[in-house]
Trainee: 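Got a structure for you, written out below as structure tokens; questions coming shortly.
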Amino acid sequence: MEADRIGRTTAGRNSGFFVDLPHDISSESYSRSIDEDRADVRFQRHGIDYVRDIVRRYGIDCDWRDDGKFHASVNRKGAAALTHFADGLSRIGEAFEWLDQPAIRAVTGTDFYTGALFTPGCSTVQPAALMRGLAATQPDNVTVFELSPVTRIEPRGDTRALHFAGGTIVAKQVIVCTNAYAATFGIHSNGLLPVYTFASLTRQMNADEVAKLGGMRSWAVIPADPMGTTVRRLITDRICVRNHFAFRPDVRVSPADLAKARHLHQRSFERRFPMLGGVELEYTWGGPLCLSANNGALFGKRDDGLYEAIGCNGLGLSRGSSSGKLIAEYALGESNSLVQQLLKQPHPRPLPVRPLVDLAVSATIWAKEFSAGAEL
């Protein structure tokens, strides 16, 4: 069941990173502890491998690339964060490569970055194309309903009735994978933080602009500071810029939110690519992450009999793919070490009542974005 069109909602609105390594965006440099980081890597790679296999098996045209990602710094503070992240990767035995300024310039075409850390295990994708491709290649025993928001779930003995504007579906098992939207209904809702992040995409560059930029035809950069600016150059000769966070507990953004994000993206783009002064931002959009104060998530069978896999904490593609696969296996009575790992993870920590939580979260976001400084 999809309330909107496949690929038009959050799953298709992200930056397209299948991140395999530790990526706690609430931390100062993505990593946490050795045990937690190793568990994250195993869990996230499970999701990446699962989706990659489907993409290859069905030939889904979504610009899937196993080219890794660059964590880039712009000053000494960012370089220190990368060193801390590299130390964490060394402790868990993960490969990485340092790049100095000339080396990262050869990749991106810009002098903006002072250095970078390359990690080879990240995959990138055009997320909307991936979602449409996954929906189009479902097996014969699967029916996909778009534009079908569930208005109510009613218990009926050992079944559940899902009510829609145009009818009802009765099912023995129901799995809820609504991520940030779960904050507006159901149990545990006050522990979930629907935080929007925003992105803009340039128009397609012409041959002269491509020559001015130089660098590689396709690359993916993550900022040294988790609150900084993510940048991707796509094989279609467009550049995607993502930054800015906004706490929106009603899971809606306003035209003012988009206008502010577009302004910030324009500034970030101009700082990085002064040689592309005539390249306009063609599209701007937002999508909600599902965060929690303690990096917790929801997985398993609820007291009301529904199954749930909710809470990506900024890694919707890799963590969402893995938890979606595993919750289906768990609902079928299967178990494995990854299922047990998810059943033991902490639930989202409860939050203060509104409007206190609104003020606290918004203030925290503002402070972290301010601290990111030049990384924006």
Trainee: Any side-chain heavy-atom pair from E308 and I327 closer than 4.5 angstrom?
Mentor: no
Trainee: Main chain of R349, side chain of N294: is a donor-acceptor contact present, judged purely on distance under 3.5 Å?
Mentor: yes
Trainee: Distance-only, no hydrogens or angles: does the S362 side chain make a donor-acceptor pair with backbone N or O of L359 under 3.5 Å?
Mentor: no
Trainee: Of all residues at least two apart in sequence or in a different chain, which pass the ring pair (Phe, Tyr, Trp, His ring centres under 6.0 Å) check with F118?
Mentor: F70
Trainee: For a 4.5 angstrom cut-off between non-hydrogen side-chain atoms, does T202 reach L276?
Mentor: no
Trainee: What verdict does the side chain to side chain contact (heavy atoms under 4.5 Å, CB included) test give for E97 and L117, after you've listed the backbone C-alpha separation in whole Å, the side-chain angles of each residue and the deciding distance to 0.1 Å?
Mentor: CA-CA 6 Å; E97 177 185 348; L117 188 75; over 6 Å; no
Trainee: With side chains defined as the heavy atoms from C-beta onward, is the minimum distance between P223 and H71 less than 4.5 Å?
Mentor: no
Trainee: Could you give the distance from CD1 (I104) to CH2 (W219), rounded to the nearest 0.5 Å?
Mentor: 8.0 Å
Trainee: Just wondering, do C122 and L21 contact through their side chains at under 4.5 Å, heavy atoms?
Mentor: no
Trainee: Could you state whether V361 and L289 fall into the same hydrophobic cluster, counting links through intermediate Ile, Leu, Val, Met, Phe, Trp or Tyr residues with side-chain heavy atoms under 4.5 angstrom apart?
Mentor: yes
Trainee: Indicate if I235 and L213 have the same hydrophobic cluster label, given that clusters are the connected sets of ILVMFWY residues with side-chain heavy-atom separations under 4.5 angstrom.
Mentor: no
Trainee: Quick one: does R65's side chain get under 4.5 Å of S218's, heavy atoms only?
Mentor: yes
Trainee: Could you state whether L134 and I48 fall into the same hydrophobic cluster, counting links through intermediate Ile, Leu, Val, Met, Phe, Trp or Tyr residues with side-chain heavy atoms under 4.5 angstrom apart?
Mentor: yes
Trainee: Atom CG in L281, atom CG in L201: separation rounded to 0.5 Å?
Mentor: 8.5 Å
Trainee: So, the side chain of T364 versus the backbone of A360: is there a donor-acceptor pair under 3.5 Å, distance only?
Mentor: yes
Trainee: Could you give all pairs that pass the salt bridge (charged side-chain N to carboxylate O under 4.0 Å, His left out) test and reach residues 257-278, with sequence neighbours left out?
Mentor: R248-D257
Trainee: Without swapping roles, check the side chain of T184 against the backbone of Y181 for a donor-acceptor pair under 3.5 Å.
Mentor: yes
Trainee: Going by atom types only, do S123 and D66 share a side-chain donor-acceptor pair under 3.5 Å?
Mentor: yes
Trainee: Testing the 3.5 Å rule here: is there a donor-acceptor pair between the side chains of T197 and R242?
Mentor: yes
Trainee: Nearest 0.5 angstrom please: H265 NE2 to I239 CD1, how far?
Mentor: 14.0 Å
Trainee: Counting N and O atoms only, with roles assigned by atom type, does the side chain of W285 sit under 3.5 Å from a partner on the main chain of R13, one being a donor and the other an acceptor?
Mentor: yes
Trainee: Between R238 and E282, is there a side-chain N and carboxylate O pair less than 4.0 Å apart?
Mentor: yes
Trainee: Which pairs count as ring pair (Phe, Tyr, Trp, His ring centres under 6.0 Å) when at least one residue sits in residues 42-67, sequence neighbours excluded?
Mentor: F18-W64
Trainee: Give the other cluster members for L147, using side-chain heavy-atom distances under 4.5 Å between Ile, Leu, Val, Met, Phe, Trp and Tyr residues; answer none if it is isolated.
Mentor: none
Trainee: Would you check if R302 and L298 make a side-chain contact, meaning some heavy-atom pair closer than 4.5 Å?
Mentor: no
Trainee: Between W366 and F370, how do the two ring planes meet: parallel, tilted or perpendicular, split at 30° and 60°?
Mentor: parallel
Trainee: When you look at E154 and R156, which way does the salt bridge (charged side-chain N to carboxylate O under 4.0 Å, His left out) test go after all the steps?
Mentor: CA-CA 6 Å; E154 176 190 3; R156 289 187 180 178; 3.7 Å; yes
Trainee: Taking side chain to side chain donor-acceptor pair (under 3.5 Å) as the test, write out the residues that go with S335, two or more places apart.
Mentor: Q340
Trainee: Less than 4.5 Å apart, side chain to side chain, heavy atoms only: is that true for V279 and F269?
Mentor: yes
Trainee: Looking at D20, is its backbone amide N or carbonyl O close enough to the side chain of Q44 to form a donor-acceptor pair, meaning the two atoms are under 3.5 Å apart?
Mentor: yes
Trainee: Just verifying a value: how many Å separate K344 NZ and F299 CZ, rounded to the nearest 0.5 Å?
Mentor: 13.0 Å
Trainee: Which pair of non-hydrogen atoms, one from F245 and one from E369, has the smallest distance, and what is that distance?
Mentor: N-OE2, 2.7 Å
Trainee: Of the non-hydrogen atoms in S268 and T229, which two are nearest, and what is the gap between them?
Mentor: OG-OG1, 3.6 Å
Trainee: Check whether N313 reaches the backbone of G296 with its side chain - one donor and one acceptor, N or O, closer than 3.5 Å.
Mentor: yes
Trainee: I'd like to know if D40 pairs up with R319 as an ion pair, taking the criterion as any Lys NZ or Arg NE/NH1/NH2 lying under 4.0 Å from an Asp or Glu carboxylate oxygen.
Mentor: yes
Trainee: After noting the C-alpha distance and the side-chain angles of M227 and L376, does the key distance pass the side chain to side chain contact (heavy atoms under 4.5 Å, CB included) rule?
Mentor: CA-CA 8 Å; M227 301 298 284; L376 288 171; 5.8 Å; no
Trainee: Would you say Q204's side chain and T236's backbone share a donor-acceptor pair under 3.5 angstrom?
Mentor: yes
Trainee: Could you list all the salt bridge (charged side-chain N to carboxylate O under 4.0 Å, His left out) pairs where at least one residue sits in residues 120-149, not counting sequence neighbours?
Mentor: R5-E146
Trainee: Taking E2 for the side chain and D4 for the main chain, is one N or O donor matched with an acceptor at less than 3.5 Å?
Mentor: yes
Trainee: Are any non-hydrogen side-chain atoms of N179 and C177 less than 4.5 angstrom apart?
Mentor: no
Trainee: Does the side chain of S73 pick up a donor-acceptor pair with the side chain of T114 at under 3.5 Å?
Mentor: yes
Trainee: Apply salt bridge (charged side-chain N to carboxylate O under 4.0 Å, His left out) to D304 and R160, showing your working.
Mentor: CA-CA 10 Å; D304 60 5; R160 299 290 183 275; 5.8 Å; no
Trainee: Checking D158 side chain against K172 main chain: does a donor-acceptor pair fall under 3.5 Å?
Mentor: no
Trainee: Begin with the C-alpha distance, continue with both residues' side-chain angles, and end with the deciding distance and a verdict on side chain to side chain contact (heavy atoms under 4.5 Å, CB included) for I153 and V150.
Mentor: CA-CA 7 Å; I153 300 177; V150 179; 3.9 Å; yes
Trainee: Check the pair L317 / F17 against side chain to side chain contact (heavy atoms under 4.5 Å, CB included), numbers first and verdict last.
Mentor: CA-CA 7 Å; L317 285 180; F17 286 76; 5.7 Å; no
